Amino acid sequence: MLFLPEGSQDETGEILDNKATTSAIFREIAQARNFKAIATPVVEYATTFTNKHVGMKLHRMLKWFNRDGEIEVLRVDWTTAIARALMKQQSPQTKWFYEGSVFRNDKDGIESKQAGIEIIRTEAFLGEVESLLTAVAYLKELGISNYLIELGHTGIFDEIVASLNLDEADTKKLREAMHDKRRDIVYEIALAHGTEKQVTQLTQLVDAYGSVTELRNYQSIWKDNPKLTKILDHLIELANLLEQSGVDEVIIDLGRVKNLPYYSGTMFRGYVKTDGETCFSGGRYDKLYEQFDEKISAVGLAFDVDVLAKHLQQVQAKPHICILADSKTHVQAEQLRASYSNAVVDIQYEQVAAEQYDKIVTVDDEIIFSKIGD
Amino acid sequence: MKPTIALTKGRLEKQFIAFLESIDFDVEPLVNKGRKLRVETDTLQFIFAKGPDVTTYVEHGIADLGIVGGDILAEFQPDVYNLFPLPFGHCRMAVATEQGQVWSNQKKKIASKYTGITKEFFKDKGESVDIIKLEGSVELAPILGLADAIVDIVETGTTLKENGLVIKEEFFSFSARCIANRSSLKIKRAELTPIIDIFQKQGGNL
C-alpha cells in the first residue's frame with residue numbers, strides 16, 4: 001500500500017531537524033530548571049481518561065478491546081497519564097517534564113507531538129510563575145519572540161454562576177455559550193434565572209478580554225465580591241510579572257471557561273502572533289488528583305511541538321560541499337571530509353549537478369565549482 | 001494585513017449587503033464584484049464561499065470574521081466564536097411530511113441536508129430513525145417515497161406548500177450570525193472590535 005490514512009503523515013528533512021532542535025533545547029532548559037524527565041506508556045486504559053474526574057470523550061480516542069474485553073487507548077493526554085504515574089512514585093521530586101505524542105481523532109492529524117512540564121506539591125503562585133517563566137525562557141531560546149500570553153481563571157465563571165442556582169444542563173449550556181462567546185444565549189439563560197445585576201455581569205463577561213489596563217475597571221465592578229477581586233488581583237499580578245520578564249504582550253480573558261472538568265484555577269495559553277496558532281496551553285488542575293483521594297496542588301503546561309518546529313528561527317544553513325572521488329580514492333576523500341569542520345560534506349563517484357552544492361572539489365581539494373569563498 | 005470577512009454566497013450575501021447599506025457602508029465593490037470571489041475595500045478584505053466553507057475559512061484563521069446562517073453552525077459545529085445574531089436570514093427548522101400522510105409507528109426514514117441536526121433532534125425525542133442524506137430538493141423525498149418525512153429549513157413555507165408537504169413540527173429558529181476565529185478575536189482585537197461593534201449595534205443586539 002502506498003497510501004496513508006487521513007491525518008497521518010510522513011516527515012522528512014527540515015521539519016524533523018527542527019523538531020529535534022526544539023526537543024534538544026527543551027531538555028536543556030527543563031533540566032537546567034530542575035525538572036526531571038518522566039514518560040508514560042503510549043497504551044493506557046480508556047478509563048484513565050474517561051472517568052468522571054477527567055471527563056474526556058471516548059469517541060475522540062484511538063481505541064480497541066484487549067483480550068479481556070477492556071478498552072485500551074493510545075495516550076490522549078500527558079497530564080492525566082502523569083498524574084496516574086506520579087501517584088505510584090514515592091519521589092520527593094516536584095518538577096517533571098515529558099515529551100511525546102498524544103493521539104486524538106479531532107485534530108488536524110491524529111498524532112500531535114507535545115513537550116511539557118508538570119509541577120506538583122508547590123505553593124500556588126510559585127508553581128504558576130515557574131510554569132510561565134519556563135515557557136518564556138524556552139520560547140526565547142527557540143528564537144520565537146512574536147507571541148502573546150493569555151491568562152484566564154476557572155473561578156470567575158464558577159463564582160458568578162454559583163449564585164444563579166442553575167441545574168447541571170443549564171450550567172453546561174451556559175458554559176458552552178461562554179466558551180463560544182455567544183452573547184445572545186448567555187443573555188437568554190442569565191435572564192431566565194438571574195437578577196438584572198447578574199444578567200449584566202454575565203453578558204459583560206463575554207467581552208471581558210484584553211490587556212491588564214483594559215481590565216482594571218473590573219476591580220471596581222467586582223469590589224463587593226472578595227472572591228472575584230482576589231482572582232483578578234492574582235491574574236494582574238501574574239501578568240505584571242510576565243511583562244517585567246520581557247513578555248511583550250499579556251492579555252487576560254476573564255470569560256474563559258474550562259473545557260475539561262479537572263481545571264481548577266489559573267489557565268494559560270500562548271499564541272504565535274503571526275498566524276494565531278496556539279504554541280502552548282495549560283494551567284492549574286489540583287482537582288485531577290482528587291480522583292486518587294489526594295489533595296495535591298498541580299500546575300503545568302504543554303507546548304505544541306509541531307507549531308514550535310514550524311516557527312523555529314532558522315539558524316544559518318551550513319555550506320554543502322561535494323568531494324568527487326572513486327573507489328580507490330575514497331579513503332583520501334574521507335580524510336579531506338574531516339578537514340571541512342563546519343559544512344555538510346558529501347562524497348560522490350560521478351559528476352554531480354552543481355545546483356545541489358555550494359562547492360564541488362576533487363580529492364586533492366582542487367575546486368571544480370564554488371559559489372562560496374574558501 | 002486587512003481584516004478578512006468570509007461571506008456566505010447567495011441569499012445571505014444579498015441580505016448582508018443590504019444590511020451594510022443600511023449602516024452607510026460603501027457596498028459598491030461588493031455589489032459590482034462580477035465573478036470575483038475575493039474583493040478588497042480600503043479597510044477590509046471580503047471572501048465569498050458556501051456556508052459550510054465560511055465556517056472552515058474562519059476556523060482555520062484564513063478569515064477573521066464570518067457571516068453565516070445559524071443552521072450551518074448548528075449542523076457543522078465549527079470551533080469558532082459564535083458571537084451574535086444578525087437581523088436577517090431568519091428561518092426555522094421543521095419536520096415536514098406529505099399532506100395526509102399517516103405518521104406510522106414503524107422506524108421512519110427521514111431525508112435531510114442537515115443530518116447532524118436531524119440526528120440530534122430525534123435523539124432528544126427518544127425516537128430511532130434512519131437518516132438519508134440529500135444535497136438539495138429535499139421536498140422530493142416524501143413525494144417519491146424515498147423517505148417518510150424531511151427535516152429542512154423553512155422561510156416562508158411556499159416551497160413546501162407547492163410540493164404538497166405540510167409542517168409536522170418546528171423545532172429551531174435561526175438567523176444569520178457573526179462568527180470569529182478564536183485567535184484573531186484576541187490578536188487582532190484593535191482592528192476587529194470596531195467592525196464587530198457596528199454589526200452588533202446596528203443588528204439591534206444587546
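Per chain, numbering begins at 1; letters A, B, ... match sequence-line order. Computation of the quantities below employed the complete heavy-atom set of this structure, encompassing side-chain atoms and omitting hydrogens, waters and symmetry-equivalent molecules. Just so it is clear, the structure is predicted and the values come from calculations on it, not from any experiment.
Pairing each heavy atom of B:I187 with each of A:G276, the nearest pair is CD1-CA, 3.6 Å. Residues B:L83 and A:D184 share a closest heavy-atom pair of O-OD1, 4.0 Å.
Taken from CD1 in A:I252 to NZ in B:K186, the straight-line distance is 11.5 Å, to the nearest 0.5 Å.
With a 4.5 Å cut-off on non-hydrogen atoms, A:D253 touches chain B through its side chain but not through its backbone. Contacts between A:V199 and chain B at a heavy-atom distance below 4.5 Å are absent for every atom of the residue. For A:E214, the part lying under 4.5 angstrom from a heavy atom of chain B is the side chain only.
Taking A:E150, A:E249, A:K181 one by one and counting their heavy-atom pairs under 4.5 Å with chain B, the maximum is reached by A:K181. Contact count versus chain A (heavy atoms, under 4.5 Å) is highest, among B:S183, B:A180, B:G61, for B:S183. Among the candidates B:V80, B:I179, B:D79, B:L185, the residue making the largest number of heavy-atom pairs closer than 4.5 Å to chain A is B:L185. Chosen from B:T193, B:N82, B:N181, the residue pairing most often with chain A at heavy-atom distances under 4.5 Å is B:N82.
When the shell of 6.0 Å around NZ of B:K133 is examined, it contains more than 12 heavy atoms from other residues, nucleotides or ligands. Crowding of B:K109 atom NZ: a count of heavy atoms from other residues, nucleotides or ligands under 6.0 Å not exceeding 12. Environment of CZ in B:F88: crowded, with over 12 heavy atoms of neighbouring residues, nucleotides or ligands closer than 6.0 Å. Residue-environment remark: NZ (A:K273) exceeds the threshold of 12 foreign heavy atoms within 6.0 Å. Remark: B:K2 NZ is packed, more than 12 non-hydrogen atoms of other residues, nucleotides or ligands lying under 6.0 Å away. Taking a 6.0 Å sphere around CG of A:N217, one finds it holds more than 12 heavy atoms contributed by other residues, nucleotides or ligands. Within a 6.0 Å sphere centred on NZ of A:K173, other residues, nucleotides and ligands contribute 12 heavy atoms or fewer. Applying the 6.0 Å contact sphere to OH of B:Y57 captures no more than 12 heavy atoms from other residues, nucleotides or ligands.
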**A:D207/B:R189 under salt bridge (charged side-chain N to carboxylate O under 4.0 Å, His left out): CA gap, chis, key distance, verdict** = CA-CA 11 Å; A:D207 292 324; B:R189 185 165 192 208; 5.9 Å; no

**Asked** Are A:R269 and B:R182 close enough, and set up right, to give a side chain to side chain contact (heavy atoms under 4.5 Å, CB included), and what steps lead you there?
**Response** CA-CA 12 Å; A:R269 181 170 288 165; B:R182 287 193 181 270; 5.8 Å; no

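Cation-pi geometry between A:R182 and B:Y81 is not met at under 6.0 angstrom from the ring centre and within 45 degrees of the axis.
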